[in-house]
Visitor: 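My questions all concern the structure below.
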Amino acid sequence: MIVNGKKIKALFFKDNTLKIIDQRKLPFKFEIYTAKTVDDVVYAIKEMIVRGAPAIGVAAAYGVVLGRHDLIESYKKLKSSRPTAFDLFYALDYMLDNIKRGEKPKDIAKKYLNDIVNRCKKIGENGEKLIQDGMKILTHCNAGALATVDYGTALAPIRLANRNGKKIFVFVDETRPRCQGQLTSWELKNEGINHCLIVDNAAGYYLKKGDIDLVITGADRIAKNHDFANKIGTYEKAVIAKENGIPFYVAAPLSTFDNNISSGDEIIIEERNEKELYNINGKNIMPLWIKIKNPAFDVTPKKYVTGFITENGIMKV
Ligand code: MRU
C-alpha cells in the first residue's frame, strides 16, 4: 500500500524484529510497533495492534521466528492469542511443518508473507471483474492491506477497479466497537477512492433504498459447508442484502478455509473485553453499572453468500 507517497507493508521483518503498523493509533497517528520477542507478538495480536485474519497469520509466523529457541512454548502462546481467525492456526502449522523439514524459520516466514500478499493480489484481479463502472459497494470492518499485509481481501478488487479507472463509491460500515471502518477509510483515502463512513445501523437503510449495488466483506474462518465467521454485524448485512436482491460476496484466501469443521456452528466466537464498549480514548462514555456483552464475530450461513472470491477465482455457492 502507499502511505504519504511511499510503498509500505502493514508488517515487515527488519533488524531481527517484527515491525507492525500500529492499528490502534490509526487514522490519527502513523506509528510503528516493534516486536522483539514472541511475547511482544502475542501482545500485538491480543491488543489488535495487528488485526485481520491474514495479517494475524503472518504476525504469528514471525512470532515463531522470534521464539524459535523454545518452539513448542512459542507455538502454544501464539495459538491462544485469538480464537476465531483460521489463518492464525494455518500459519503456525505451516511454520512447524516446514521447520521439521529443515528450513530456516526466517526463510519460511518470508515465504509465507510473500505468499499471502500474492494471494491477495490475485483476489483483487479475480474480484475486480465483478465491479462495473459507477458501482456503489458496501464493505464491513477492514479487510484491506492493514488486515492482510498488502492489497487486502475485500478491498483488493475495489483498489484494482479504481486503479483501472472505474468510477466507484464505497459505503464503509463504522464497525463498532473497534471502529475498523476508520482504517478502511484511511486506506481508501490514501488510494483516492470516493467513500463515506456510515454507522453500522445505517447499512440496511441504504441497501433497501437501492443505493448499494454490491457487498464485499472479508472472512475470519470459512467452514466446509461455506458458513463463515466475520466481524460482528456481517450476518445482518448479508441477510438484508439477500432480502433486497443485492449480491453479497466474501473475499478470502484459501488460508481462511477451515476444512476441519463441517459447519459454522463449530466456529469459536471471541468475546472481547467490555472496556472496548464503555471506554473510548481513555474516556468512559457510559456508567460502569451497565452490563455489556462484546462478541467480536458472528457466523453467516452460506445461503446468504452469492460467492467467494479467492486467489483461484470466483466460487459461486
Ligand atoms: O477483530 P478483527 O479486526 O481482527 O476482525 C477482522 C475481520 O473481521 C476481517 O473482516 C477479517 O479478518 C478479514 S481481513 C482480510
Side-chain angles (χ1 to χ4, degrees), residues 1 9-11 20-24 26 44-60 81-91 113 116-117 119-124 127 138-159 172-187 200 203 215-222 228-238 248-258 264 267-273 276-277 294-300 305 308-311:
M1 85 187 117
K9 290 193 164 62
L11 47 162
I20 305 172
I21 297 179
D22 191 336
Q23 299 192 42
R24 295 169 308 178
L26 284 174
I45 296 173
K46 283 188 175 165
E47 292 299 313
M48 295 172 67
I49 292 167
V50 57
R51 46 145 298 282
I56 291 172
V58 173
S81 57
R82 286 190 81 185
T84 306
F86 185 63
D87 293 65
L88 171 66
F89 311 103
Y90 180 91
L113 179 147
I116 287 296
V117 170
R119 287 172 192 240
C120 289
K121 192 167 181 246
K122 284 189 190 136
I123 287 173
L138 173 73
T139 191
H140 190 65
C141 195
N142 169 268
L146 289 167
T148 64
V149 182
D150 211 348
Y151 297 102
T153 52
L155 287 198
I158 292 171
R159 207 182 284 281
V172 180
D173 286 335
E174 187 181 26
T175 319
R176 289 271 172 166
R178 296 289 297 223
C179 297
Q180 288 93 332
Q182 292 190 27
L183 302 174
T184 298
S185 215
W186 181 78
E187 288 198 37
D200 298 302
V215 186
I216 314 180
T217 73
D220 280 83
R221 191 184 290 237
I222 302 164
F228 76 99
N230 193 48
K231 180 52 52 196
I232 191 79
T234 302
Y235 169 55
E236 61 200 51
K237 309 300 179 285
F248 183 101
Y249 282 89
V250 178
L254 296 178
S255 53
T256 309
F257 286 71
D258 182 356
I267 299 174
I268 296 168
I269 299 297
E270 178 182 14
E271 285 275 344
R272 290 190 62 88
N273 197 300
E276 289 186 341
L277 262 84
N294 185 17
F297 302 96
D298 57 25
V299 173
T300 301
V305 181
F308 289 89
I309 309 166
T310 76
E311 59 272 43

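No hydrogens, no waters, no symmetry mates; every other heavy atom, side chains included, goes into these values. Predicted, not measured: the structure shown is a model, and the values here were computed from it. Numbering of ligands and ligand atoms starts at 1, following listing order.
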Visitor: Please answer whether the main-chain N or O of L146 pairs with a side-chain N or O of Q23 as donor and acceptor at a distance below 3.5 Å.
Guide: yes
Visitor: Taking the inter-plane angle between the rings of F308 and F228 on a 0 to 90° scale, is it parallel (under 30°), tilted (30 to 60°) or perpendicular (over 60°)?
Guide: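 Correct class here is perpendicular.
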Visitor: With a 4.0 Å cut-off on N to O distance, would you call R119 and E311 a salt bridge?
Guide: yes
Visitor: Backbone or side chain, does any N or O of N142 fall under 3.5 Å from an N or O of ligand 1?
Guide: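 No, there is no polar N/O contact under 3.5 Å.
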Visitor: Is there a polar contact, in the sense of an N or O pair closer than 3.5 Å, between D220 and ligand 1?
Guide: yes
Visitor: Taking N or O atoms only and a 3.5 Å limit, does N230 qualify as a polar contact for ligand 1?
Guide: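 Min N/O separation from ligand 1 is below 3.5 Å for N230.
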Visitor: Between ligand 1 and T148, is the shortest N or O to N or O distance under 3.5 Å?
Guide: no
Visitor: Mind running side chain to side chain contact (heavy atoms under 4.5 Å, CB included) on R159 and E187 for me, showing each step along the way?
Guide: CA-CA 9 Å; R159 207 182 284 281; E187 288 198 37; 2.6 Å; yes
Visitor: For ligand 1, note which part of A53 has a heavy atom under 4.0 Å away: side chain, backbone, both or neither.
Guide: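 Both of them.
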Visitor: State the atoms of ligand 1, each with its element, that fall below the 4.0 Å cut-off from a heavy-atom position in A147.
Guide: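 Those of ligand 1 that fall under 4.0 Å from A147 are 14 (S), 15 (C).
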Visitor: Can a non-hydrogen atom of P54 be found less than 4.0 Å from any atom of ligand 1?
Guide: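 Right, P54 reaches ligand 1.
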Visitor: Which one of V117, I116, I20, T148 satisfies the side chain to side chain contact (heavy atoms under 4.5 Å, CB included) criterion with V58?
Guide: I116
Visitor: If you have a sec, work out which protein heavy atom is nearest atom 15 (C) of ligand 1 and how many Å separate them, to one decimal?
Guide: T153 OG1, 3.0 Å
Visitor: Can you sort out which atoms of ligand 1 are near Q180, meaning under 4.0 Å from one of its heavy atoms?
Guide: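 So the atoms of ligand 1 that pass are 1 (O), 2 (P), 3 (O).
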Visitor: Above 12 or not: heavy atoms from other molecules or residues under 6.0 Å from CZ of R272?
Guide: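 Yes, because the 6.0 Å sphere around CZ of R272 holds more than 12 heavy atoms from other groups.
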Visitor: Contact between R82 and ligand 1, counting heavy atoms under 4.0 Å?
Guide: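 For ligand 1, residue contact (heavy atoms, under 4.0 Å) with R82 is present.
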Visitor: Using a strict threshold of under 4.0 Å (side-chain N to carboxylate O), is an ion pair present between R221 and D258?
Guide: yes
Visitor: Using a cut-off of 6.0 Å, state whether more than 12 heavy atoms not belonging to L254 lie near its atom CG.
Guide: yes
Visitor: Counting non-hydrogen protein atoms only, what is the nearest one to atom 5 (O) of ligand 1? Give residue, atom name and distance.
Guide: K231 CE, 3.3 Å
Visitor: If the cut-off is 4.0 Å to any non-hydrogen atom of F297, which atoms of ligand 1 fall inside it?
Guide: 1 (O), 5 (O), 8 (O)
Visitor: What I want to know is whether G52 and ligand 1 share at least one N or O pair that is separated by under 3.5 angstrom.
Guide: yes
Visitor: Could you go through the side chain to side chain contact (heavy atoms under 4.5 Å, CB included) check for H140 and Q180 one step at a time?
Guide: CA-CA 8 Å; H140 190 65; Q180 288 93 332; over 6 Å; no
Visitor: Taking only heavy atoms of M48 into account, list the atoms of ligand 1 that are under 4.0 Å away from them.
Guide: 1 (O), 2 (P), 3 (O)
Visitor: Is there a side chain to side chain contact (heavy atoms under 4.5 Å, CB included) between N142 and K231? Walk through the geometry before answering.
Guide: CA-CA 9 Å; N142 169 268; K231 180 52 52 196; over 6 Å; no
Visitor: Can you name the closest pair of heavy atoms from A219 and A252 and give their distance?
Guide: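 Closest heavy-atom pair between A219 and A252: CB-CB, 4.2 Å.
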Visitor: Does R178 come within less than 4.0 Å of ligand 1, judged by its heavy atoms?
Guide: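 No; R178 lies far enough from ligand 1 that no heavy-atom distance drops under 4.0 Å.
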Visitor: For A219, state whether at least one heavy atom is located under 4.0 Å from any atom of ligand 1.
Guide: yes
Visitor: I need the nearest protein heavy-atom contact for atom 3 (O) of ligand 1: residue, atom name and distance, please.
Guide: R51 NE, 2.4 Å
